[in-house]
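Here is how names work: the chains are called A, B, and so on, in the same order as the sequence lines, proteins then strands, and each is numbered from 1. Note: hydrogens, waters and symmetry copies are ignored here, and every other heavy atom, side chains too, is used.
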Amino acid sequence: MLPRTARQLETTLLSSRQSLPRPARLYSSPSKKLNAPATATAHLPRTDFPAFFPPPQNVVHDQDSAASSSSHLLEDFLTRKIPYTILPTPLPSDVPLNDRERWFTDSATQDQAAVMDACLHNLYDVPRAKLIFDRLRTKKGSAILHVSMYNLVMESYLAMAEKDAQQTAYWVEELWKLYTDMENGNEQMSPSAGTFALMLQAWHKYNPTSSNPVRSKLALHPIQLLENMLNKQISVVDVVADRTIASSDLASTVLMSLSQAAINLDRVAIVTELSRAQAIAAGEESTTDDEVTPVLRHKALSPEEIEQGVEFPAEIPFNIKLLRNHLAHIAYARRVLPDDIGARQKHLETSVYEIARERMKEEYEHFETLGINTENRLKDSTLQSWMWQWHQDLRTRLESEIKLIAAFEAKMLNRHDQSTQLLSPYLALVKADRLSYITILELMRLQGSGGVNHGMKTTRALIAIGKAVEMEYKAQMCRTNDIAIPTMTGHSTNFFSALGYSNLQKRRMAAARHMQDGESWTTPWSQAVRSKIGGILVECLMDVAYVRRQREDQVTGKSETEDQPAFYHAYEYVRGTKLGILKLNPAVAERLSTDRLRETIHPRHLPMLVAPKPWMHIRQGGYLYNKTSVMRFKESIEQETYLQKAIDDGKMELVLAGLDVLGSTPWRINKNVYDVVLRVWNSGERMGKIPPAVYDQPAPEIPENYEKDLQARSVHLQRQRSYTQAKANNHSERCNVNYKIEIARAFLHDKLYMPHNLDFRGRAYPIPPHLSHIGDDLCRGLLLFADPKPLGERGLWWLKIHLANLYGYDKASFQERADWVMERLDDIADSATNPLDGRRWWTKGDDPWQVLATCMELHAALQSEDPHSYMSTLPVHQDGTCNGLQHYAALGGDAVGAKQVNLAAGDRPSDVYTYVGRLVDQQIEADAANGVEMAKLLQGKITRKVVKQTVMTTVYGVTFVGAREQIEKQLKDRHDIPDELCWTAASYLAKKVLTCIGDTFTGAKHIQNWLNLCARLISKTIAPDRFIDAIAAPKKKRGRPAVAMSRFKKEQMTSVVWTTPLQLPIVQPYRKHARKQVMTAVQSVFISDPSSPAEVNSLKQASAFPPNFIHSLDATHMMLTALECHSRGLTFASVHDSYWTHASTIDSMAEVIRDTFILLHSSDVLGKLHQEFKERFKGFKLPLIHLQNKGGNLVKMLSESGVRIVATPEQAKSLESIAAIVEVSETGSSAIGEQPIGSEGEPISDQVFLEELDEEDDSIDEWEGQRKKAAAANIAREAKATRELLGKFVDVVDLLPPLPEKGTFSVQEIKSSPYFFS
Amino acid sequence: MSPQSPWLVPYWRNIKIFRRPRQSRGLLEPRRSFVGVAEAKVQNPKTKLSTPIYEVEGYESSRGRELPPIDQWRKYFPYEKETSTRISLRNPDTTDALANALVPEGSQGKIIIESDPGPGQLTRSLLKLPRERIKKLIILEPNDLYLQYIKPLQAIDDRIMVYEQSGYEWGVYNKLEDAGELDDVLKVPWTSGVHPQLSFITHIPTTVLGEQLISQLFRGIPDKQWLFQYGRVPLCFIMSSRMWKRLDAPMGGTQRCKVGVMGAATSEITELLPFEATQPFKDHFHPVPYAKYAPVPSKHPDTRRVGNPYQVVLTVPREFQAIQPGNLDYWDYCLRKMFVQKATPLKISINSLGPGAATLLKKLTDHDLPPSEQVDIRKSPNGLNVHEWSLVVKAFVEWPFAPEDLSIDTIFSNTNEHR
DNA sequence: TAACTACCTATTGATATAAGTAATAGAGAATAC
DNA sequence: CTATTCTCTACCGACAATATCAATAGGTAGTGA
């Protein structure tokens, strides 16, 4: 029978995984030639690759001096004043658009620009693009306008002139017009090298003596153009080498005419420069000095290039590529990624879809040869073969659909104005063939996300697909542009010296500029457009993709089949609101946890085969062609704008260099562990956190009285639901593991690299989502460093300790841990040699897969002749013990706390959790003695485990409710407390635990409060340049307080912003984004417009600031450590507060960790933050009314932290509700400014709001008088306190509490604490 | 732990769990889930009658037994979070009329369960009816203050049984049975007309819970759960007009909704008193909201706000049930999914039922069937009558590839992550 | 040609939806107008 | 400018409610001055 055969085949495929061809094939095309360059890699000298950083041995010899001097430099670096990035606060949404556009483009404009971009691409619809462009460029000074946009438009005009013979004159004329406008300043946009390259081409093609003359009054002769260029100090060579000059012939012509012009102008230097360029392009002059061999001339052409008819460089006298390459070498300071080395990665990135297609097709045809006829194809084939089928159908469908859409839109455009939103230009950017793959692959990838079983939320899917299309378009552009890729941004033996820094900066900026010049302009799509595009694609897919399902009727035994959509759309209700979801047909979902998946993974989600492209700019770095952002932005353009500015200003060098260091660590797959994983996987059994193939728990039974008893029914339903959920979880876990195995297999014989980027606090994350060292135990167990280092005596010792740590034996002293391991050598050997058939000791450890990997490493080392010279690749970890609290303790100088988190030395590690547990226990004892029932119940039951999570999460600002929940869960797990009492007990305990933590980390507590208060105040302020407009805004209702209050709410636009010691500006993204419904083909989708301004969410701003600040600090520590480790030649990787290196280099890393931590915390971090707030938020006004809240808590807290504001005696009288923080001035000076709300008075000068204005009292009276007259009786009813507060403002800087006092602990002690990181 | 004021205990806790504050129990003492009648009689009310804020002349002596003058209710039943959304009939004329309508002349030996009566105006009207009409009146009331006006009635009239629990707890009905309270209720076959003895009355609060209760009770009918195991028991709801509008919404109208179809499928639903008989709200009900900031003719009359119109509705289970026993989940599923796009023709909206659900269209339009067994698929879900719905559900049930898991949602609750 | 109206359609805003809110303290924001 | 209800509750990685209908805005076409 057929089904049986298929099943057998499937198992065969599964079990034979190991013997499948090596994965290199996965990424190579069928042609063998391509592999050749890749294998050549091995022969390259080590120094050349990875060439990003100098080889360690160069540094080693002066390591000591470097280390000691670097420590001074680092100290200087950290203690200097941090340069801030300052941008204006966003304006509220009711401010007219024009005023807002300089920094933050709104999405309507964004959409226009994106449509224009699409219309220009391949000259899809240049006339339309021109219409849009002409509209856009009226917005002078808007952030969206950029010279490269102008250049692209002009390039298209020029191309149109050529393409459309009827209109040549028109386009040429428009081109010159635009140029003239740029030159004469009308556009406020200065021409660039690219502009001149275009104009020279225009001249060349259409000058009066050319074969196709176009008369234009505005046309300029090259002489004039050259003059203009020189005026703007634009390099002629840049012009000649510009991207827009398509052929060497053309470039040569341009060069000649420029030379001629230069001769005419008698500019000898220019003539020389040009002739040298010519020599380079002709290959007559070595492009570089001896160190680097000129790459291009000797490079063999790739098969593709031969196919595309690229000519051999040597055969033509003028090769523009040579010149461009030369320029790249200069820009990148000679560190250019050789083509052959990048080839596989490039191929991987650019040909994903082709590769996927080949594989699916292969699979499909394979089934064909097995004689499975088309009739059963839908039912019996594999996932790949299905996908191939869907793809065929979808592609055809899309081709016709896109035509329909284009026709429809054209009709609409005729009927209506231009304002109709267009989609067809976007759809034309990427071929239907690829659109089809993108759609299918993205849906497969997102399966199981968002908590949806076998599916996903529609919104996420549509946006993701839209975005994938956009990415594909941009990746294609990258490929077309084919800019040389740098392998470094420059390096320095010391990152922290002024010289080292400015070197980094110079080099990175040159490289970034080179990259930018080489790329044509493009612009991101708005979320709405993405979801609409996604909607169209998904709708079509659902319409054409089918699978055949078969089932047997349970009664008749008759088998039934039905063709069903492979993907379908449905709605669910979540607490009464609808939620649209896309789901996979169950038949498809089943395959995802069994079939092979590699076709479904985009390289954008895989590790890389070469070291990542160094980060040069906000979207420039990481993968070679796929653009990724250096920071993961929340829906906040503010964050993006700040970062952009900081990078432009050259402040981000160390952060970017840090990311490059993290990305440069080569990894490989642990083959031995992989083999074990695979065996477990294929066995389908549950082990080491790998879920079973078939969920192994029994379903709940239906109770007898289910039919009659409403209560029994609801209980059963609940059980049923949690069972279903557990089962679904099992399935999705299984899918996840499948992904990991698949990726591991693909990279089994390769070095791999993890490109990193940042979250908004500056923490670094590897980009590949499935398999990276940040992943779970399984991922980590599968990864090894690629480069081995000899263990040495210490290394061996550390390896043992590492094993003990992973197993869970981490509370003892180092030596005890090492001894513990020695006592278990037998088990270890058994685990290493006989992982599955032996005693399986490793599976009982905390992190079984890593334990296994370590067992294998240790065993191998011990078995080797000389364990000390064993070449080890296993990463060994040093973890901060409760890192957040460590930072808090260091900031606050908490002696007790410092001891508990091992900042202070001890002979064995302290454990905060145990400590807090004991404290709580003591209090309980006391309570029990006093007869408190609950205490008696809980006596002796407070283990470390009960309090652990709560202690950990206090750093994140856990509240009572959260703590209670955690503790309740733990208590329930113990099973020795009656279930119904757990909740009450948890309430009781939560209070105790929170108090105990507060008592232990008093300094931390104060700092947390201080941070929280600052954020609370800042997020309620109004920026100085907005202030006057803000209070004058509500004119209609003559100072009705309600209006004023809501006005203040609307004017709350200030996010908390600060700068880390590495100069990274951090913007908290929490705002109250308004969301709108957007219609798509599938359903309407509810999304926010990130570019529309929104008030801050001050609650979130305040509660998230303390953890975010601490995280920005630990991120800084990590980056400093990474940079320093790199300088010292150590391999380094990190998972936030867990730092990894080779076993042999743990000692040096430990030293670095301590040095950087001490220096960081010796640099008065908080003082600097305070100072920054004072400067950054200078003049920001806080309406006093915001200080009032229920119970006067805020005022109380402010008062307790020592805040006092100065007020005149009169003012003081009216300020009773905030009396606790008012200080009456004798001199009559006041920090409180007053301004009646909404009055249409004359503009108010700043001084009114500042202190020391004698006349101020008069002015108050005057205002009051006016108001009384104007206002009717109802205003008189206003409550006194509020009226008094409403019109009053204070500078937020005056309200910021002084820093809490620091405790006695000195961070220097950390130097001698062995268990600080362990 | 600071002793919590019982007033601060949220409403639902009293409904779901046990009324007494936790502190009143010893730590390990088992929960007392039920206060029996006898016990309640003996036991003095835990809370003493508190001194009223304003004395009403001559009233104090009869307080509890009698209700305060109806214009004084706000003072005797001040704002309390627990009861703030519980709407109770206050006007004795209205309750008299209602009592008469519910237990009309000629009724005999009725057993009435009155759940959540509030202060008990309606209870009193029922007791005032000629004695032979009502045999037993079971009161389910959890609120201490209200109980102070309910329990004294037991001394006057032995037909009353008071249970200090809300009728919203399913458990209480098991208690009633266990206590033999319903022993003398006949099990009347579904085909033998409306139940002659048993009736159920409740005030529905203006909360989600109230609305839930109504839809839950409808859902109990097809499988003859709850009181329906005794037969076609009539239910009387004092409910918001907002809810009534939903139940009463005409086919094809924009108001037509899932609960409306479920109601129509299971019961005959009528206004027991005309709408006007209970208007305006402030003349008939308690509590009347503080007028200054929440004026009673509200801007949004269709919200759950206290003060919006209330009325009296009677539902009687139908003899013929469109929902076959055991098919409830299918109905639920189909209605829920289809009403998402309630104004979209079946032809399209049917897809909400699952992958490939479009094949059901063939069945619904099968020309071999008599026209009465076909459904016009150009109609939209809000335009279908109960019969048409039963055809849709039938097609769904018979569909071999119908989704198997019809449970409420497949979305994981994202509450229990973190390792 | 400017002005006006009737008519039509695209956009915007408001509203309802599900249904045991598992257990629930306390602050702060929002809402009622 | 008070009473009451609603919301939220641990940071980050990792983000999301939607169909329907009435009302309004905005545009077109037609018309007669």
Side-chain angles (χ1 to χ4, degrees), chain A residues 416-417 449-450 457-460 463 527 571 573-580 632 634-635 710 714 718 759-761 763 765 769 774 884 952-966 968 980 982-984 986-987 1041-1042 1045 1049 1073 1075-1077 1083-1088 1098-1099 1103-1104 1106-1108 1110-1111 1136 1189-1191 1193 1277-1283 1286, chain B residues 4 8-10 12-13 15-17 79 81 84 168 170 207-209 211-216 246 254-255 257-259 289-290 292-295 298-300 302 305 336 339-344 408 418:
Chain A
H416 296 286
D417 184 35
S449 72
K457 296 183 181 170
T458 312
T459 310
R460 180 136 145 75
I463 291 176
Q527 293 289 71
Y571 298 94
Y573 280 100
V574 179
R575 282 193 52 182
T577 56
K578 294 161 189 145
L579 180 69
R632 304 171 186 213
K634 300 287 216 171
E635 46 187 340
L710 284 175
S714 83
Q718 198 137 14
D759 71 10
F760 75 89
R761 289 103 32 101
R763 277 188 161 195
Y765 297 79
I774 214 171
M952 249 167 28
T953 52
T954 40
V955 186
Y956 308 135
V958 78
T959 58
F960 170 74
V961 174
R964 184 183 58 197
E965 219 159 70
Q966 299 162 357
E968 186 189 12
E980 62 273 18
C982 278
W983 194 85
T984 336
S987 297
M1045 273 304 275
K1049 288 264 153 67
H1073 280 288
R1075 282 181 301 191
K1076 287 192 299 193
Q1077 273 176 269
Q1083 59 165 70
S1084 86
V1085 138
F1086 197 51
I1087 49 178
S1088 70
S1098 63
L1099 203 66
S1103 71
N1108 283 342
I1110 294 299
H1111 283 323
H1136 305 320
N1189 68 345
K1190 222 183 218 172
N1193 239 342
R1277 285 200 268 108
E1278 289 166 10
K1280 191 171 170 240
T1282 306
R1283 190 181 61 216
L1286 247 185
Chain B
Q4 305 154 326
L8 293 178
V9 177
W12 62 80
R13 183 163 135 210
I15 290 179
K16 302 219 36 121
I17 305 293
Y79 178 88
K81 186 155 191 186
S84 63
Y168 293 16
W170 300 132
T207 57
V208 277
L209 254 101
E211 294 172 15
Q212 262 169 35
L213 184 82
I214 292 171
S215 84
Q216 291 259 330
R246 290 210 279 155
T254 56
Q255 293 260 26
C257 61
K258 181 177 169 239
V259 71
Y290 184 44
K292 189 175 169 194
Y293 295 104
S298 160
K299 252 194 176 174
H300 308 282
D302 276 352
R305 237 175 50 99
R336 191 173 66 232
F339 261 105
V340 173
Q341 291 165 294
K342 64 173 165 186
T344 307
I408 308 304
H418 265 292

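Nearest to the side chain of A:F1086, among D:dT18, D:dA10, D:dA19, sits D:dT18. Relative to the side chain of A:E965, the nucleotides D:dC11, C:dA23, C:dA19 differ in distance, and C:dA23 lies closest. When distances run from any side-chain atom of A:K634 to the nucleotides D:dC21, D:dC12, C:dA25, the shortest one goes to D:dC12. Comparing D:dG13, D:dA10, D:dT20 against the side chain of A:Q1077 picks out D:dT20 as the nearest. Minimum atom distance to the side chain of B:V340 is reached by D:dA19, of the listed D:dT9, D:dA19, C:dA18. When the nucleotides C:dG28, C:dA19, D:dA16 are ranked by their closest atom to the side chain of B:V208, C:dA19 comes out on top. For B:C257, whose side chain is taken as the heavy atoms from C-beta onward, the closest listed nucleotide among C:dA23, D:dA19, C:dT17 is C:dT17. Comparing atom distances between the A:E968 side chain and each of D:dC11, C:dG20, C:dA23 picks out C:dA23 as nearest.
A gap of 14 Å separates the C1' atoms of C:dA6 and D:dG32, to the nearest Å. Separation of the P atoms belonging to C:dT15 and C:dC33 is 12 Å when rounded to the nearest angstrom. For the C1' atom pair drawn from D:dA17 and C:dA18, the interatomic distance equals 13 Å after rounding to whole Å.
Both B:W170 and A:K578 sit near DNA chain C, but only A:K578 has its closest nucleotide nearer the 5' end. Residues A:R763 and B:K342 each lie close to DNA chain D; by heavy-atom proximity, the contact nearer the 5' end of the strand is made by A:R763. Along DNA chain D, the nucleotide nearest to B:A343 and the one nearest to A:S1088 differ in position, and the one closer to the 5' end is contacted by A:S1088.
One interatomic measurement links the two molecules: CZ of A:R632 to C1' of D:dC12, which rounds to 10 Å at whole-angstrom precision. Rounded to an integer number of Å, the gap from A:Y765 OH to D:dC11 C1' is 9 Å.
For A:R761 and D:dC11, the shortest distance from a side-chain N or O to OP1 or OP2 is not below 4.0 Å. Between C:dA23 and A:R964, no contact under 4.0 Å exists linking OP1 or OP2 to a side-chain N or O. At least one side-chain nitrogen or oxygen of B:R336 sits closer than 4.0 Å to the OP1 or OP2 atom of C:dA19. Phosphate contact (OP1/OP2 of D:dT18, side-chain N/O of A:K1076, threshold under 4.0 Å): absent. Contact check, B:Q341 against D:dA19: no side-chain N or O comes under 4.0 Å of OP1 or OP2. Regarding contacts with the backbone of D:dT18, a side-chain N or O of A:T459 is found under 4.0 angstrom from either OP1 or OP2. Using a 4.0 Å cut-off, some side-chain N or O of B:R246 falls inside it from OP1 or OP2 of C:dT17. The side chain of A:Y571 contributes no N or O atom lying less than 4.0 Å from OP1 or OP2 of D:dT18.
Atom OG1 of A:T459 and atom CD1 of A:I1087 lie 8.0 Å apart (nearest 0.5 Å).
Searching all strands for a Watson-Crick or G-U wobble partner of D:dA16 with both distances below 3.5 Å returns nothing. Applying the Watson-Crick and G-U wobble criteria (two distances, each under 3.5 Å), D:dA10 pairs with nothing in any strand. Across all strands shown, D:dC1 remains unpaired; no Watson-Crick or G-U wobble contact has both distances below 3.5 Å.
With a 4.5 Å cut-off on side-chain heavy atoms, A:Y765 and A:I774 count as touching. Proximity of A:Q966 to A:T953: side-chain heavy atoms (C-beta onward) are separated by under 4.5 Å at one or more points. Between A:Q1083 and A:T458 the shortest side-chain heavy-atom distance falls below 4.5 Å. When side chains are defined from C-beta on, B:R336 counts as touching A:Y573, because their heavy atoms get closer than 4.5 Å.
A distance-only check finds a donor-acceptor pair linking the side chain of A:S987 to the backbone of A:W983 [under 3.5 Å].
In this structure, A:H1111 has its ring center closer than 6.0 angstrom to the ring center of A:Y956.
Side-chain atoms of B:Q212 stay outside donor-acceptor range of the base of C:dA18, with no qualifying N/O pair under 3.5 Å. Looking at B:Q255, its side chain has no donor and acceptor atom pair within 3.5 Å of the base of C:dA16.
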